[in-house]
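Please read the structure below before turning to the comments.
Heavy atoms only: backbone and side chains are in, while hydrogens, waters and symmetry mates are out.
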Protein chains: 2
Amino acid sequence: MMPYQLLKDNLKRNLDLSSKELEQICSYFTTKEIKKKEFLLTQGSICKFEGFVVQGCFRVFSLDKNGNDNTLYFAAKDWWLMDIDSFMNQSPSELNIQALEDSKVLLISREDKQALCSSLPIVEKLFKIMFQKAIVSWQRRLIRNHSLTAKERYLYFINTYPNISLKLTDKQIAGYLGIRHEFLSKIKKNKK
Amino acid sequence: MMPYQLLKDNLKRNLDLSSKELEQICSYFTTKEIKKKEFLLTQGSICKFEGFVVQGCFRVFSLDKNGNDNTLYFAAKDWWLMDIDSFMNQSPSELNIQALEDSKVLLISREDKQALCSSLPIVEKLFKIMFQKAIVSWQRRLIRNHSLTAKERYLYFINTYPNISLKLTDKQIAGYLGIRHEFLSKIKKNKK
DNA sequence: AAAAAAAGTTGAACAAGTTCAACTATAAAA
DNA sequence: TTTTATAGTTGAACTTGTTCAACTTTTTTT
């Protein structure tokens, strides 16, 4: 599917927009290709874009002082991608965004997003809705982390995101679940 | 402080609004008093309002099938309060919102919020910004949950929210941290 | 003021998850 | 294709957090 069509479909699922509006929104996005293992953002630098994944897969993670790897989320085709905090405040990012395979994204810069919002105010509403949905996901994930065991979280993850999990190593999945990869290995062994 | 002044100050911290705009926004909110232990929302019902706490304190939590209590967050004076999912989609809520003490909130209904957004489009932007900030908080909390021990999370909580923690029982704090209250009791005993 | 309910403490046994180290298997690079 | 790096496995000892039950303390209700 054409990259911009994927974006349009994604936007339409959030808010009913005319094709003229969709065109106008899309015109602000530029395509970028990222090779496997390359970074779209590294900890300490400033997030200049908001991204939409058209092809491939990314991992968004932070490294703490002990070098432990906290994966916030994965973003495959049809997912959004950014460090909201750094993008919003133009402050140094605490996150890394790395391509797990050769990927393609649509990017919009902060200035262009502001220009777009000014010229087409309904975009504010669009992003408001997208952010609302994101909050619900984060809340639910927190509840799962508190109420499910590591094994249950693992099964939930692979069942809910079968396509994404196929692209990931167990080490990466463990980082998302908040457990050591050795333990994930033991979980999988005992899986009936 | 007058309830509406607290709300105005809160809104102004998110977006630079004229006093006329602030007046207009406030005019859509109504005051409600809630007695200690009363519920503003119960699991299964539909969230009809978005709330702003003017006085008192609330606990937002869900109960799983085992009766375990997952506290999503506490909302004291100057905090917002709602089940976004239920409010947005008018779907049955998975959350409970209970007053921990006699409290006062400002409420806006879904219809009034829509009317407000129509008559004053900058309100979309205002809520977009508020939601962006909320996402950042949820992401940071997830990272803390993955990278800190229960004791470290406890110390972080009481240091970051000293006023709120004073209003809470250890059982409630344990529910927020995602640990059993017996264990929190042992953590506190060993605290140097 | 007494009774009842809820919150907090403690210990002992247990379960969940970590650490470390040694090893095997797989994938990437030369 | 060989080398090298990375991912995955396993066991043993360990740490963190849970469960249950009995008990004490505090708060709420009557």
Given C:dT10, D:dG17, D:dG11, the nucleotide with the shortest approach to the side chain of B:K189 | C:dT10
Figure out the CZ/C1' separation between A:R59 and D:dT6, and round it to whole Å.
-> 13 Å
C:dT9 OP1/OP2 closer than 4.0 Å to side-chain N/O of B:K171 = no
Expressed in angstrom and rounded to an integer, what is the separation of A:K35 atom NZ from C:dA28 atom P?
-> 14 Å
Position toward the 5' end of DNA chain D (nearest nucleotide), B:K36 or B:T149 | B:T149
Does B:T169 offer a backbone N or O that forms a donor-acceptor pair with the side chain of B:Q172 under 3.5 Å?
-> yes
B:I187 atom CD1 is separated from C:dG11 atom P, nearest whole Å, by 16 Å
Would you say the side chain of B:K37 and the base of D:dT29 hold a donor-acceptor pair, judged only by whether the two atoms sit under 3.5 Å apart?
-> no
Where the side chain of A:S185 is defined as all heavy atoms beyond and including C-beta, which of C:dA16, D:dT10, D:dG17 is the nearest nucleotide?
-> D:dT10
If every non-hydrogen atom of A:F58 is compared with every non-hydrogen atom of A:V105, which pair is closest and at what distance?
-> CE1-CG1, 3.5 Å
Select one nucleotide: of D:dT18, C:dT18, D:dA21, the one nearest the side-chain heavy atoms of B:E182.
-> D:dA21
Measure up the B:F157 and B:F74 rings against each other and bin them: parallel (under 30°), tilted (30 to 60°), perpendicular (over 60°).
-> tilted
From CD1 of B:I173 across to C1' of C:dG8 the rounded distance in Å is 12 Å
In whole angstroms, how far is the P atom of D:dT18 from the NZ atom of B:K151?
-> 16 Å
Counting side-chain heavy atoms from C-beta on, which of D:dT9, C:dA7, C:dA16 comes nearest to B:T169?
-> C:dA7
Compare the minimum distances between each of C:dG17, D:dG8, D:dT18 and the side chain of B:K186, then state the nucleotide with the smallest one.
-> D:dT18
A:I135 reachable from B:F87 in the ILVMFWY side-chain graph, under 4.5 Å edges | no
Interatomic distance where CG belongs to B:L148 and P belongs to D:dT16 [whole Å] | 14 Å
Check the distance between D:dG8's C1' and A:Q172's CD and give it to me in whole angstrom.
-> 13 Å
Do A:D85 and B:Q139 come within less than 4.5 Å of each other through their side chains, counting heavy atoms only?
-> no
Rounded to whole angstrom units, what separation is found between the CG atom of A:D69 and the C1' atom of D:dT6?
-> 14 Å
